[in-house]
Participant: 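Dropping the structure in here first, questions after.
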Amino acid sequence: MALITFTSDFGDGDFYVPAVKAKMLSINPQLNIVDITHKIDVYDIAHAAFVLKSIYKDFPKGTVHLVAMNSTSSTSEGYIGIKLDEHIFLGPNNGVLSLLSEFDPGIVVKFADVHVKASTFPVKDILAPIAAKVASGAAIHDFGGPLMQIKKMIPRQFKASKKQILGHVIRVDNYGNLITNIPKSVFETLNPGKYSLEFGREKLPRLNQTYDDVDAGDCFAFFNSIDLLEIGINLGHGADLLGLRHDSPIFINFEVAQ
C-alpha cells in the first residue's frame, strides 16, 4: 500500500497543502495520503515532532511520513530521509526529525544536489516527488548518500529520584489540557505506594483513570493514551484556570519510608 502521511504548519486557508498533494498524485495517482494535521503552530518544530511522535507507530510499517516544518529557513541543513522503527520520514534537516526518538535512526540519507533545486516551495518541488516515489517502491538511498549525523535538538528532560519526579508541560492541547513529559513507566518504577502531585497552586493526593473521575470544574491527573501524565480541569480550560503553560513545572512527590 502506497501510504503517505503529511504534517505541516501550512494551515487550511491557502493553496499550499493541495499543491503538495497534487504534486505527489501527479507522480502516482494511487497514493493514499493521510493528513495528520496542518495546524501545527507556525515554525513550532517541537509541536510538529510531538504530534508525529504520538501517532506514527499507529500507522503500518513502511509508511512514508512527509514533515513540512520551517523548510525554507536558513536553519535547515538540506533535506533528509531517515528510517526509524520501520517507518520512513522525509523533511528538512532542521532538528524536527531528531525529536521523534531518543535513539538515532537506523538509516539517514541526505538528498543529493541533483534532487535539491532552488525553490521558494521546497516541500512541493523537492520533498513531495521523493515522498511519492519512495511510497511507490523506491528506496531513500536512490536520492542521496549516507549522512553520519542529523541536526539535533534536545527536548526538555524530566528529573527523577526516589523522592520526586520533576517534569514540565510540553503541550497544551485544544481543550486546555496540559500534557507533560513524565512517562508512566518511570512513575510505576519509582512509586512506593504513597505520593502526591503538585502543580501551580494545586495539590492532588492521587491519580485518576479518566476525565470523569472528577466533577466538572475539578482538577484531574492521569496517564493518557500515549502514557504521559496529563493534567487539566474537567469541562474547563486547564491552562487558563490553573495558570499553567508550556514548560510549567509539575511535581510528583513520593512518601518514602524512613
Participant: Is the number of heavy atoms from other residues, nucleotides or ligands within 6.0 Å of OH (Y16) greater than 12?
Facilitator: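 Count not over threshold, so no.
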Participant: Using a 3.5 Å distance criterion without hydrogens, assess whether the side chain of N253 forms a donor-acceptor pair with backbone atoms of E198.
Facilitator: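 Absent.
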Participant: Residues two or more places apart in sequence or in another chain: which of them pass side chain to side chain donor-acceptor pair (under 3.5 Å) with K162?
Facilitator: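 None.
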Participant: For S98, check side chain to side chain donor-acceptor pair (under 3.5 Å) against everything at least two apart and list the hits.
Facilitator: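 Counting only residues at least two positions away or on another chain, S98 forms no side chain to side chain donor-acceptor pair (under 3.5 Å).
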Participant: For D247, check salt bridge (charged side-chain N to carboxylate O under 4.0 Å, His left out) against everything at least two apart and list the hits.
Facilitator: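 Partners of D247 under the salt bridge (charged side-chain N to carboxylate O under 4.0 Å, His left out) test: R156.
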Participant: Quick one: side-chain contact (heavy atoms from CB on, under 4.5 Å) partners of S8, sequence neighbours excluded?
Facilitator: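 If we apply the side-chain contact (heavy atoms from CB on, under 4.5 Å) test to S8, skipping adjacent residues, the hits are F6, F10, V17, H38, A68.
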Participant: Please, which pairs that meet salt bridge (charged side-chain N to carboxylate O under 4.0 Å, His left out) have at least one residue in residues 134-145, sequence neighbours excluded?
Facilitator: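 Matches after skipping sequence neighbours: none remain.
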Participant: By the salt bridge (charged side-chain N to carboxylate O under 4.0 Å, His left out) test, which pairs, at least two apart or in different chains, include something from residues 101-112?
Facilitator: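 Salt bridge (charged side-chain N to carboxylate O under 4.0 Å, His left out) check on residues 101-112 returns D104-K152.
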Participant: Within the side chain of S136, is there an N or O that forms a donor-acceptor pair under 3.5 Å with the backbone of A132?
Facilitator: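 Flag set: sc S136 to bb A132 pair under 3.5 Å.
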Participant: Is there a donor-acceptor contact under 3.5 Å from the side chain of Y79 to the main chain of P122?
Facilitator: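 Such a contact is absent between Y79 side chain and P122 backbone.
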Participant: Under the side chain to side chain donor-acceptor pair (under 3.5 Å) rule, collect the residues that match up with K133, sequence neighbours excluded.
Facilitator: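 Partners of K133 under the side chain to side chain donor-acceptor pair (under 3.5 Å) test: none.
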Participant: Taking transitive links into account, so neighbours of neighbours count too, which hydrophobic residues share a cluster with Y211 at under 4.5 Å side-chain distance?
Facilitator: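 Members alongside Y211: V214, F220, F222.
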Participant: Please go through L166's hydrophobic cluster and name the other residues, only I, L, V, M, F, W, Y counting, with side-chain heavy atoms under 4.5 Å joining them.
Facilitator: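 The other cluster members (ILVMFWY side chains, heavy atoms under 4.5 Å, direct or chained) are F251.
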Participant: List, by chain and then residue number, the residues other than F103 in its hydrophobic cluster (Ile/Leu/Val/Met/Phe/Trp/Tyr, side-chain heavy atoms under 4.5 Å); write none if there are no others.
Facilitator: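 Besides F103, the hydrophobic cluster comprises nothing; the residue is isolated.
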Participant: Counting distance only, does the side-chain N/O of D9 pair as donor-acceptor with the main-chain N or O of Y43 below 3.5 Å?
Facilitator: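 Here the side-chain-to-backbone pair exists.
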Participant: Quickly, which of I130, L127, I4 forms a side chain to side chain contact (heavy atoms under 4.5 Å, CB included) with M24? Name it, please.
Facilitator: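 When I130, L127, I4 are each tested with M24, the side chain to side chain contact (heavy atoms under 4.5 Å, CB included) holds only for I4.
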Participant: Tell me, which pairs form a salt bridge (charged side-chain N to carboxylate O under 4.0 Å, His left out) where one or both residues lie in residues 22-46, sequence neighbours left out?
Facilitator: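 Qualifying pairs, neighbours excluded: D12-K39, K21-D35, D41-R171.
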Participant: Taking side chain to side chain donor-acceptor pair (under 3.5 Å) as the test, write out the residues that go with D240, two or more places apart.
Facilitator: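 Checked D240 against side chain to side chain donor-acceptor pair (under 3.5 Å); matches are H237.
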